[in-house]
Colleague: 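Got a structure here, written out as structure tokens. Questions coming.
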2 protein chains.
Amino acid sequence: MERKETIFHAATRLFADKGYKETSMSEVAKLTGVAQGTIFYHFKSKEDLFLAILEEFKSNVNDEFEKWVNNHSFSNGLDMLESALDFYLYLASIMEDRFMILYRHDAYELALHNPIFGQYLESIYDHLVDIFEKAIISGRNDGSIADVSPKKNAMLIFTMVDGLVRFNTYKLYDAGTLYDELVKACRKILTQT
Amino acid sequence: MERKETIFHAATRLFADKGYKETSMSEVAKLTGVAQGTIFYHFKSKEDLFLAILEEFKSNVNDEFEKWVNNHSFSNGLDMLESALDFYLYLASIMEDRFMILYRHDAYELALHNPIFGQYLESIYDHLVDIFEKAIISGRNDGSIADVSPKKNAMLIFTMVDGLVRFNTYKLYDAGTLYDELVKACRKILTQT
DNA sequence: GTTAAAACTGACTGATCAATCAGTCAAATA
DNA sequence: TATTTGACTGATTGATCAGTCAGTTTTAAC
């Protein structure tokens with residue numbers, strides 16, 4: 001692995017675990033096994049390093065979403081929605097550190113001064129909510145989902161599955177046992193008018 | 001207002017707006033209009049000041065919950081749950097700054113070294129989820145709510161209303177129009193088996 | 001083998017921070 | 001009036017931080 005890549009991963013881990021402000025560049029250097037100066041050779045500033053991490057996250061969410069749509073077929077919209085719930089949990093598990101960064105306020109803070117952070121954040125959230133919205137629209141068309149607002153219900157479902165991921169991340173509750181109840185709840189919400 | 005109280009409120013505002021780490025004690029002093037040293041006369045450290053804020057928040061949630069239970073009567077459990085949704089949104093609006101502090105990671109970070117932070121956080125969250133659980137149990141007894149798991153569904157409903165508050169706080173979506181859909185969703189979830 | 005560019009180093013700088021402390025001051029008490 | 005006490009001040013301290021830079025090492029091209 002390239003030095004730059006190693007620095008990138010070490011920083012991702014530390015920003016996720018400790019937060020942006022709480023992580024010093026010397027810690028990143030120490031964890032990577034390089035001198036402090038090396039980091040600034042590859043990334044022009046601490047903020048630049050963070051931006052690179054967020055950009056890669058955005059791209060990964062994009063790519064994974066494409067892969068999911070292309071490699072799955074659904075019998076109907078309701079089926080697609082249940083698959084989307086799985087997909088969300090899968091995403092959150094393979095990108096656990098990036099999701100933790102999303103749950104922290106660091107990126108929002110930086111977005112106030114650097115609008116590119118805002119753009120990336122918006123893009124990530126739009127994609128995540130979109131997954132459910134597309135499934136609901138599809139379900140309304142094929143009749144597997146009742147006449148409900150796609151956008152609003154997508155957001156409600158997003159808040160539930162996202163909350164479940166948070167419970168899991170913060171180890172506040174066994175999210176596994178909550179999952180079945182979540183699926184049931186979604187079915188109830190979407191099959192009644 | 002006492003000096004100590006003024007410092008307390010200035011710090012609450014700053015910790016909510018900028019975050020704990022990002023707020024310097026000299027900023028708190030400046031906003032309050034006192035010398036830096038005065039803060040350390042009243043609070044032995046920055047952490048101690050934050051702890052005081054979180055403790056007061058915990059007590060306020062406690063008190064407000066008591067007031068709500070004592071001053072309201074409900075025709076049945078489902079009615080109580082809908083009132084609980086209102087109550088949650090009311091709490092989040094009158095304690096907007098404290099909720100923002102809850103959404104930040106600062107307190108969780110400090111909880112790793114100082115378990116009292118953990119205790120306060122747990123107490124706050126327990127109370128917030130409890131509101132919904134109590135309503136569901138009551139509804140199951142009076143028949144207005146179907147045979148569903150009180151704890152799990154309380155947590156799902158908590159994630160939804162909490163997500164709605166977050167949308168509102170971060171101004172990502174007009175939470176007002178989402179509220180009606182949330183109430184409908186809760187009714188669907190709780191009245192079917 | 002020579003040369004040039006790219007990668008890397010770590011001591012250093014200036015800024016910022018939480019916390020300290022010797023001392024001021026006004027109000028309360030004797 | 002004299003003394004004590006509690007509230008307050010702000011210059012200072014030592015630690016930590018992001019970022020710099022002059023110099024070294026490695027790699028690649030010829």
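A, B, ... follow the sequence lines: proteins, then strands. Residue 1 opens every chain.
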Colleague: For a quick test of reading the model: is some side-chain N or O of B:Thr38 closer than 4.0 Å to OP1 or OP2 of D:dT9?
Modeller: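 Answer is yes, contact under 4.0 Å.
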Colleague: Compare side-chain N and O positions of A:Arg3 against OP1 and OP2 of C:dA7 and report whether any pair is under 4.0 Å apart.
Modeller: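 No, A:Arg3 has no side-chain N/O under 4.0 Å of OP1/OP2 on C:dA7.
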Colleague: Tell me: CD1 of B:Ile39 to C1' of D:dA11, nearest whole Å?
Modeller: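 In whole Å, D:dA11 C1' lies 16 Å from B:Ile39 CD1.
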Colleague: Would you say the side chain of B:Val161 lies within less than 4.5 Å of the side chain of B:Leu182, judging by non-hydrogen atoms?
Modeller: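 B:Leu182 vs B:Val161: side chains touch.
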Colleague: Heavy atoms from C-beta onward define the side chain here; which of C:dA18, D:dC17, C:dG10 lies closest to that of A:Ser24?
Modeller: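 Nearest listed nucleotide: D:dC17.
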Colleague: If we check salt bridge (charged side-chain N to carboxylate O under 4.0 Å, His left out) with A:Arg98, which of these qualifies: A:Glu56, A:Glu64, A:Glu55?
Modeller: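 In the set A:Glu56, A:Glu64, A:Glu55, the residue that makes a salt bridge (charged side-chain N to carboxylate O under 4.0 Å, His left out) with A:Arg98 is A:Glu56.
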Colleague: Please walk me through it: do A:Tyr103 and A:Asp162 pass side-chain hydrogen bond (donor to acceptor under 3.5 Å, both in side chains)?
Modeller: CA-CA 10 Å; A:Tyr103 291 157; A:Asp162 194 61; 2.8 Å; yes
Colleague: Looking only at the side chain of A:Tyr41 (C-beta and beyond, no hydrogens), which of the listed nucleotides D:dG19, C:dC8, C:dA18 gets closest?
Modeller: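 The nucleotide sitting nearest to the side chain is C:dC8.
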Colleague: Rounding to an integer number of Å, can you tell me how far B:Lys46 NZ sits from C:dC17 C1'?
Modeller: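 Distance, rounded to whole Å: 8 Å.
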Colleague: Calculate the interatomic distance between A:Lys44 atom NZ and D:dT20 atom C1'; express it in whole Å.
Modeller: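 Value for this atom pair: 15 Å.
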Colleague: Whole angstroms only, please: what is the CZ-C1' distance between A:Phe43 and C:dC8?
Modeller: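 These atoms are roughly 15 Å apart.
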Colleague: In whole Å, what is the span from the CE atom of A:Met25 to the P atom of C:dG14?
Modeller: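 Result: 20 Å.
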Colleague: Quick check on D:dG6: is either OP1 or OP2 less than 4.0 Å from any side-chain nitrogen or oxygen of B:His42?
Modeller: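 Checking B:His42 against D:dG6: no side-chain N or O falls below 4.0 Å of OP1 or OP2.
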Colleague: Within the side chain of A:Tyr20, is there an N or O that forms a donor-acceptor pair under 3.5 Å with the backbone of A:Ile101?
Modeller: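 Pair absent, no side-chain N/O of A:Tyr20 close to backbone of A:Ile101.
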Colleague: Could you tell me the separation between the NZ atom of B:Lys30 and the P atom of D:dT9, rounded to a whole number of Å?
Modeller: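 It is 16 Å, rounded to the nearest whole Å.
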Colleague: For DNA chain D, whose closest nucleotide is more 5', that of A:Gly37 or that of A:Glu27?
Modeller: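 It is A:Glu27 whose nearest nucleotide is closer to the 5' end.
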Colleague: For the side chain of B:Ser45, counting heavy atoms from C-beta on, which of D:dG10, C:dT9, C:dA19 is nearest?
Modeller: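 Ranking D:dG10, C:dT9, C:dA19 by closest atom to the B:Ser45 side chain puts C:dA19 first.
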Colleague: Relative to B:Phe43, does B:Lys4 satisfy both conditions: NZ or CZ under 6.0 angstrom from the six-membered ring centre, and within 45 degrees of the ring's axis?
Modeller: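 Yes - B:Lys4 lies over the ring of B:Phe43, closer than 6.0 Å to its centre and within 45° of its axis.
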Colleague: How many whole angstroms separate atom CD of A:Gln36 from atom C1' of D:dA18?
Modeller: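 Going from CD in A:Gln36 over to C1' in D:dA18 covers 8 Å.
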Colleague: Rounded to whole angstrom units, what separation is found between the CZ atom of A:Phe40 and the P atom of C:dT13?
Modeller: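 So the two atoms are 17 Å apart, to the nearest Å.
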